[in-house]
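A short worksheet on the structure shown next.
Predicted model, so just to flag it, every value in this text is computed and none were measured.
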Amino acid sequence: MTAEPACSTSQLSQYQEWLERRSAQRFRDYQSLWRWSVADLEGFWGSLWDYFAVQSPSEYQRVLADPVMPGARWFEGAKVNYARQVLRHVESAHQAGRPAIIFGGEGRELGELSWPELSARVAALATRLEAMGVEPGDRVAAYLPNIPETVIAFLATVSVGAVWSVCSPEMGPVSVLDRLRQIAPKVLFSCQGYRYGGREHERSEVVRTLVAELPTLTDLVLVPGAPGMAIDPDSIMAGPRVTSFEQASIGQPAPGWEPRWVPFEHPLWIVYSSGTTGMPKPIVHNHGGVILEALKLGVLQNDIGPEDRFHWYTTTGWIMWNCQVGGLLGGTTICIFDGNPGWPDWSTLWRFVGAAGVTFFGAGAAYYAACMKAGVEPNEVADLSRLGALGATGSPLSIECYEWGYRHVRPDIWWCVISGGTDFAGAFIGGNRDLPVVPGQMQCRCLGAAVAAWSDDGRELIDEVGELVCTRPMPSMPLYLWGDMDGERYRQSYFEMFPGVWRHGDWIRITADGGAIIYGRSDTTINRLGIRMGTAEIYRAVEALPEVTDSLVVDLEYLGRESYMPLFVVLREGAALDAPSPSGNSSGAVPDLATHIKAVIRAALSARHVPDEILPVPEIPRTLSGKKLELPIRRLLLGEPPEKVLNRDAMGNPASLEWFIDFARRRAERQ
């Protein structure tokens, strides 16, 4: 099934019409527009500056001084501020009756924060931060859930030129300290507990540990993590000054307060790689680059305008939190949810989406798969009449999920599937409401992103699987990694394989018509007898079976031995690998489930990719953002010690490791 475009007056088409009037250029289709955007970097990024009327008290010298990677210099001479770009919408949005934030979650009634209230609280808190001695370049950290106070704290921090960094309260002290010790924060915003999965999770002891282990802290601001959850300043025995968020964010701002102008490339925030295989990389992004990338992605590629209500389910530990907050840059109402999306059932988020009047709803691909497996019919549990788009990222979205959305959300829903990452705070592959949707395939390469599939020897591939590379710089690429004084770690992370070209670490196929398919991480690719296959291909085949709710595959290659490829599966309750498979009886015979899984893989992929063994497991290990821990499990099963390959505090389900650790031990004993 191919879904035809649902709209011909998209934000992207309006930009293209403006661009053609301004430049007298004509673009016959999206592909020609994309080719121009990556060939003429100065023309394209300069046009975004003008189209979105980015403000600066001084003119920039030129858009791009030197198009090299790493080290490109953008908009030198310009001054901007992320918070200023957000708060410029206060008057127009308020007059139009649009709230800034709609919020809900476990134990929370649906609430709203107006644009004037957002502005007032940001200004008051920024004034308080300056009184605490926070100066441009100082780091301000947070240990908070996805609540309005977190957004306010972020905007106040960056408004004074300080550098923001947030960790989710689901993370344990070791994982948080691995991140925050590297950046030496001056102020910490923290909750002492949060609510998730129907119960309250106490975090006071974690906060005391953070205070004790972060000697650079001068101030701690305590935030209620959930309604009715008290804060206890007296529990912090020694260390920084302690105040409540309520005290700090309500009051009169300094006379004439406004966000501070900072250079285009002034540090905005520090985000982190997953931290599952070693010390997390502290990635520094800049104000101006993130402003332009967020507006391009949100407004043009995701087609989100001021009248929209934008919700992307996320925790604060995932880059999609930054993406969701970025909706405010375009004057859009953002809708935030704090809590477990599957509690008390998988209809919870859909009810929130309906009640909040969400027009664009995004989530990780695993969320949609879980809803589909649970038999959720969203259009039966909520009023989704305003919902026009579904976004997905985090892992490849199966064809079955597309079709489930058409059946159970609405037949004309627009699937906007994106792929990018924390590393550059944006998307390489994204959506275009004016293009057809082909289930299983992302629509297009994003404007300004010179993305290609390359062979190992650097040849561009079309309709073949290769390394995802970006051959030209983008303004939101990292300034540097914090503490990486000579840039060596930065270069090793992204430019070691192809010097001067960004290697992202995914397998991708670019189709002849400009679409794209992601096949999984390139460092966990299955290579069986010379045929390379992304793990996502196997998951797509296996997880389509009703008996399988989740899976993980690794290819273990030992020197001097044949490779061993096990497939680990989580089975639906009542299913068993040695029991007959109801989904495998099309030929009349009813094979057992293990035999049927192998037959499905053989038919969908190749005989070479049939696993050597299929093993039932209680749970698949995942990161806090829901990604499968393929590489760490591979290293564990190859014999590396658990403590060297896995950081439990960076996991969403650390208890799932015990089965794999025991399996690795038993396997080693048999070798």
request  = For a side chain to side chain contact (heavy atoms under 4.5 Å, CB included) with Gln441, tell me which candidate from Leu397, Val417, Asp513 qualifies.
outcome  = Asp513
inquiry  = As a test of understanding, state which of Ile102, Ile336, Leu349 forms a side chain to side chain contact (heavy atoms under 4.5 Å, CB included) with His311.
reply    = Leu349
ask   = Which residue pairs pass the side chain to side chain donor-acceptor pair (under 3.5 Å) test when at least one of the two sits in residues 285-295, sequence neighbours left out?
value = Trp269-His285, Glu293-Lys296
Can you name the side-chain hydrogen bond (donor to acceptor under 3.5 Å, both in side chains) partners of [X], sequence neighbours left out?
X	answer
Trp350	Tyr367
Gln55	none
Gln16	Glu20
Tyr368	none

Cation-pi geometry met for Lys79 and Tyr60 (6.0 Å, 45°) = no
ask   = Any cation-pi pair here, Arg84 with Trp261, using under 6.0 Å and within 45°?
value = yes
Side chain [X], main chain [Y], donor-acceptor under 3.5 Å:
X	Y	result
Asn81	Val158	yes
Trp404	Val376	yes
Ser56	Glu59	no
Gln301	Asn432	no

ask   = Which salt bridge (Lys or Arg N to Asp or Glu O under 4.0 Å) pairs, counting each pair once, include a residue from residues 38-54, with sequence neighbours left out?
value = Arg22-Asp50, Glu42-Arg62
Pairwise side-chain contact, Met320 with Gln324, heavy-atom cut-off 4.5 Å (strictly under) = no
query = Mind checking whether Phe189 and Trp164 have parallel, tilted or perpendicular rings, split at 30° and 60°?
reply = tilted
